[in-house]
Amino acid sequence: DAKTTQPNSMESNEEEPVHLPCNHSTISGTDYIHWYRQLPSQGPEYVIHGLTSNVNNRMASLAIAEDRKSSTLILHRATLRDAAVYYCILRDSNYPTPLVFGKGTRLSVIA
Amino acid sequence: KAGVTQTPRYLIKTRGQQVTLSCSPISGHRSVSWYQQTPGQGLQFLFEYFSETQRNKGNFPGRFSGRQFSNSRSEMNVSTLELGDSALYLCASSLVSSSGSTDTQYFGPGTRLTVL
């Protein structure tokens with residue numbers, strides 16, 4: 001499986017934007033970039049995914065570098081409820097593969 | 001729609017016993033995956049079932065097994081429990097397709113297993 005690299009932890013002030021980086025230098029052309037997050041005492045939840053173009057949904061935006069070797073999850077206005085571990089995961093679109101979780105980035109949000 | 005449900009939510013067993021955990025996927029979802037989460041190893045994939053067939057398997061010993069029923073509900077079983085099996089066991093369902101990994105997985109709240 002292609003690997004991703006994320007910072008162990010990040011901190012943000014409430015109501016400010018947060019940019020969570022992910023490096024995936026060995027990404028293949030058929031790999032989608034997925035983001036999941038895990039709130040305390042809950043199972044992971046889907047955030048967003050993309051292939052080449054930037055993506056937006058009600059939760060976040062995903063900015064993908066032109067060479068696809070990195071991406072950034074953007075939370076436009078962090079709230080206390082966004083404090084979670086964020087996982088960046090690559091999944092091959094050609095095959096039914098499971099989610100391979102790394103250690104993720106623990107985001108703390110300060111009021 | 002109701003989310004993924006897992007039962008029981010908490011379980012305490014002793015070494016050597018066996019345990020069965022249950023997962024009910026979101027209505028209409030045909031794929032069910034199981035994951036183990038521990039502080040040391042993080043989230044690790046156990047296996048996935050699609051239309052009652054095991055489609056993928058993680059790197060776990062044969063003591064870990066699962067099955068899926070015709071209504072897509074799934075169970076996983078761990079035999080001869082060891083202390084190291086203490087973990088949060090998470091089940092995820094997805095709508096899927098016969099191939100492709102762009103499907104979203106929806107996770108349940110997990111079953112917290114403690115082995116004494």
Side-chain angles (χ1 to χ4, degrees), chain A residues 1-9 24 27-53 55 57-60 62 64 68 71 73 84-106, chain B residues 3-7 9-10 21 23-26 29-51 53-60 66 87-112:
Chain A
D1 291 322
K3 293 192 186 295
T4 63
T5 305
Q6 300 177 251
N8 289 334
S9 62
H24 27 78
I27 192 170
S28 75
T30 54
D31 284 334
Y32 274 78
I33 302 158
H34 290 247
W35 284 81
Y36 281 74
R37 71 179 185 181
Q38 187 172 21
L39 303 171
S41 304
Q42 294 188 27
E45 66 175 348
Y46 167 81
V47 177
I48 201 166
H49 77 276
L51 183 62
T52 54
S53 305
V55 184
N57 66 21
R58 64 173 180 82
M59 286 180 72
L62 176 59
I64 301 172
R68 299 211 324 126
S71 60
L73 179 70
V85 179
Y86 287 77
Y87 298 96
C88 170
I89 300 168
L90 300 183
R91 299 183 78 195
D92 191 325
S93 60
N94 287 331
Y95 308 101
T97 57
L99 294 171
V100 179
F101 289 87
K103 297 198 181 302
T105 296
R106 183 173 296 278
Chain B
V4 177
T5 57
Q6 294 187 242
T7 56
R9 292 292 312 278
Y10 302 91
L21 311 181
C23 172
S24 292
I26 292 171
H29 285 193
R30 296 167 63 195
S31 169
V32 173
S33 299
W34 288 89
Y35 295 81
Q36 180 196 64
Q37 185 170 29
T38 60
Q41 298 298 318
L43 271 155
Q44 293 185 286
F45 171 73
L46 280 156
F47 28 65
E48 181 205 2
Y49 287 87
F50 178 73
S51 294
T53 301
Q54 188 179 89
R55 186 162 72 166
N56 278 302
K57 188 176 189 307
N59 188 25
F60 278 81
L88 181 66
Y89 289 89
L90 291 155
C91 163
S93 76
S94 61
L95 192 55
V96 176
S97 79
S98 56
S99 68
S101 298
T102 59
D103 55 294
T104 297
Q105 294 206 358
Y106 296 85
F107 285 79
T111 294
R112 171 76 63 187

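We name chains A, B, ... by the order of the sequence lines, and we start the count at 1 in each one.
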Q: Establish, from distance only, whether the side-chain atoms of Y86(A) and R37(A) form a donor-acceptor pair under 3.5 Å.
A: yes
Q: What option among L88(B), L43(B), N56(B) has the most heavy-atom pairs under 4.5 Å with chain A?
A: L43(B)
Q: Which atoms of F47(B) are under 4.5 Å from chain A, going by heavy atoms: the side chain, the backbone, both sets, or neither?
A: neither
Q: Does R106(A), at its CZ atom, have more than 12 non-hydrogen atoms belonging to other residues, nucleotides or ligands within less than 6.0 Å?
A: no
Q: What part of L51(A) is in contact with chain B, defined as an atom under 4.5 angstrom from a non-hydrogen atom: side chain, backbone, both or neither?
A: neither
Q: Which answer fits Y106(B), side chain, backbone, both or neither, if we ask what part of it has an atom under 4.5 Å from a heavy atom of chain A?
A: neither
Q: Residues two or more places apart in sequence or in another chain: which of them pass side-chain hydrogen bond (donor to acceptor under 3.5 Å, both in side chains) with Q6(B)?
A: none
Q: Is it the case that over 12 heavy atoms from other parts of the model lie below 6.0 angstrom from the NZ atom of K57(B)?
A: yes
Q: At a 4.5 Å cut-off on heavy atoms, which part of Q37(B) comes close to chain A: side chain, backbone, both, or neither?
A: side chain
Q: Which atoms of L90(B) come close to chain A, meaning under 4.5 Å heavy atom to heavy atom: side chain ones, backbone ones, both, or neither?
A: side chain
Q: Quick one: which residue pairs count as a salt bridge (Lys or Arg N to Asp or Glu O under 4.0 Å) with a foot in residues 37-48 of chain B, not counting sequence neighbours?
A: E48(B)-R55(B)
